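A short worksheet on the structure shown next.
Everything numeric here is computed off the predicted structure, so don't read it as measured data. The chains referred to below are lettered A, B, ... by the order of the sequence lines, with proteins before strands, and numbering in each begins at 1.
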There are 2 protein chains.
Amino acid sequence: MTHRSPARGRPAAFRRTRADHQTEIAEDYVELIAELMEERGEARGTDIAQRLGVSNATVVKTLKRLQDEQLIRQEPYRAVFLTDAGQKLAADGRRKHAIVEAFLMALGVKPDVARIDAEGIEHHVSADTLDAMERYLRHQSTNKSD
Amino acid sequence: MTHRSPARGRPAAFRRTRADHQTEIAEDYVELIAELMEERGEARGTDIAQRLGVSNATVVKTLKRLQDEQLIRQEPYRAVFLTDAGQKLAADGRRKHAIVEAFLMALGVKPDVARIDAEGIEHHVSADTLDAMERYLRHQSTNKSD
DNA sequence: AACAATGTTTAGCCAAAGCTAAATAGTGCC
DNA sequence: GGCACTATTTAGCTTTGGCTAAACATTGTT
């Protein structure tokens, strides 16, 4: 009773989407931490909460998880730091975000909408899709300068 | 102590992404139900579980929620039906999915990757972005026929 | 019609993300 | 240096989505 479904029904896409979701929040946090450190020298739980639009308590809890996952380091009542792994994830996330956002704007989406959509989309683009977006950006800036 | 952050830090984007996320699963389910009904005349819990790559028990639980939210109708040991609201949501989701997938392929992303990415992306594209994608598709098919 | 096989649901568990309210720790002022 | 104020953490609750194993219906066979 193998009962194999047609190709379009395979669960890979859904699995992948669910899996992405686990990383999404981690990525959002480390990205934000990197930004905050640039902007103001340190990332404090409260600032994260404010920026994310989430309660302080939630941030504390999530940071605990991120520490368990070795993405950040943290001492009580102190600012948060990224580990190497955390920095890598942050850099990656910011790169993706930047590409997606720039791409959407190049496509003609209004900047504020592009920002919001990019936030949602960035966690779901494969390397392939990112490449395609970059190609488009290069191509189109070439055209523009004619 | 207003301490207002610069525009880029406003939590709107994150809020929106979190909100989207609440609808994602509902959308996936109703889309799948619509597909199954087309393909085989009825949508059965087990088929949903299989396609989604998730256990039967999970499907039962989620369907219960969808019923509470008036997206589906269902009697024990029977197939599932979409309410009008469910049908609308499904149609909308399928439309989005189709556009995003076609768009990615037009961009040069490989079909199987396009499918997977579209699955993740479809829940995060605004009407604006969808319009832009459609515009691109029209434009590019015009070019091709030269 | 009864029973075995199969399919579906229930029960009960876990983890993650969210919240509010209460407790605790730092900081700053006198 | 102590006390009040503010910031941070802890406690404890909720919802959602996931799981496995056990209970319960349905169906099909004889």
How long is the gap from NZ on B:Lys61 to CG on B:Leu66, to the nearest 0.5 Å? 13.5 Å
By nearest atom, which of the nucleotides C:dT9, D:dC19, C:dA25 is closest to the B:Tyr77 side chain? C:dT9
With no hydrogens and no angle check, just 3.5 Å: does a side-chain donor-acceptor pair link B:His123 and B:Asp20? no
With a 4.0 Å cut-off on N to O distance, would you call B:Glu134 and B:Arg138 a salt bridge? no
Report yes if at least one side-chain N or O of B:Arg18 is closer than 4.0 Å to OP1 or OP2 of C:dG18; otherwise report no. yes
Do any N or O atoms of the protein come closer than 3.5 Å to N or O atoms of nucleotides 12-16 of chain D, and which pairs are they?
none

Value in whole Å for how far the C1' atom of D:dG17 lies from CG of B:Asn56: 15 Å
Taking CZ from B:Arg44 and P from D:dT27, how many angstroms apart are they, rounded to a whole number? 8 Å
For A:Glu42 and D:dA7, what is the distance between atoms CD and P respectively, to the nearest whole Å? 14 Å
For A:Lys110, salt bridge (Lys or Arg N to Asp or Glu O under 4.0 Å) partners two or more places apart: B:Asp128
A:Gln67 CD to D:dT9 P, in whole Å, measures 11 Å
Return whichever of A:Val54 or A:Pro76 has its heavy-atom-nearest nucleotide of DNA chain C closer to the 5' end. A:Val54
Under 3.5 Å donor-acceptor, A:Gln70 side chain and A:Thr83 backbone: no
Whole-Å gap separating C1' (C:dG18) and NZ (A:Lys64): 15 Å
For D:dC19, take OP1 and OP2 only and decide whether either is under 4.0 Å from a side-chain N or O of B:Thr58. yes
Distance in angstrom units between B:Gln74 CD and C:dT9 P, rounded: 6 Å
Exercise: do B:His124 and B:Glu24 side chains pair donor with acceptor under 3.5 Å: yes
Phosphate-side-chain proximity, A:Ser55 and C:dG18, N/O vs OP1/OP2 below 4.0 Å: no
For A:Glu38, enumerate each residue passing the salt bridge (Lys or Arg N to Asp or Glu O under 4.0 Å) test, keeping only those at least two apart in sequence or located in another chain. A:Arg94
B:Leu52 CG to D:dC19 C1', in whole Å, measures 15 Å
Rounded to whole Å, the CZ-P distance (B:Arg78 to C:dT9) equals 11 Å
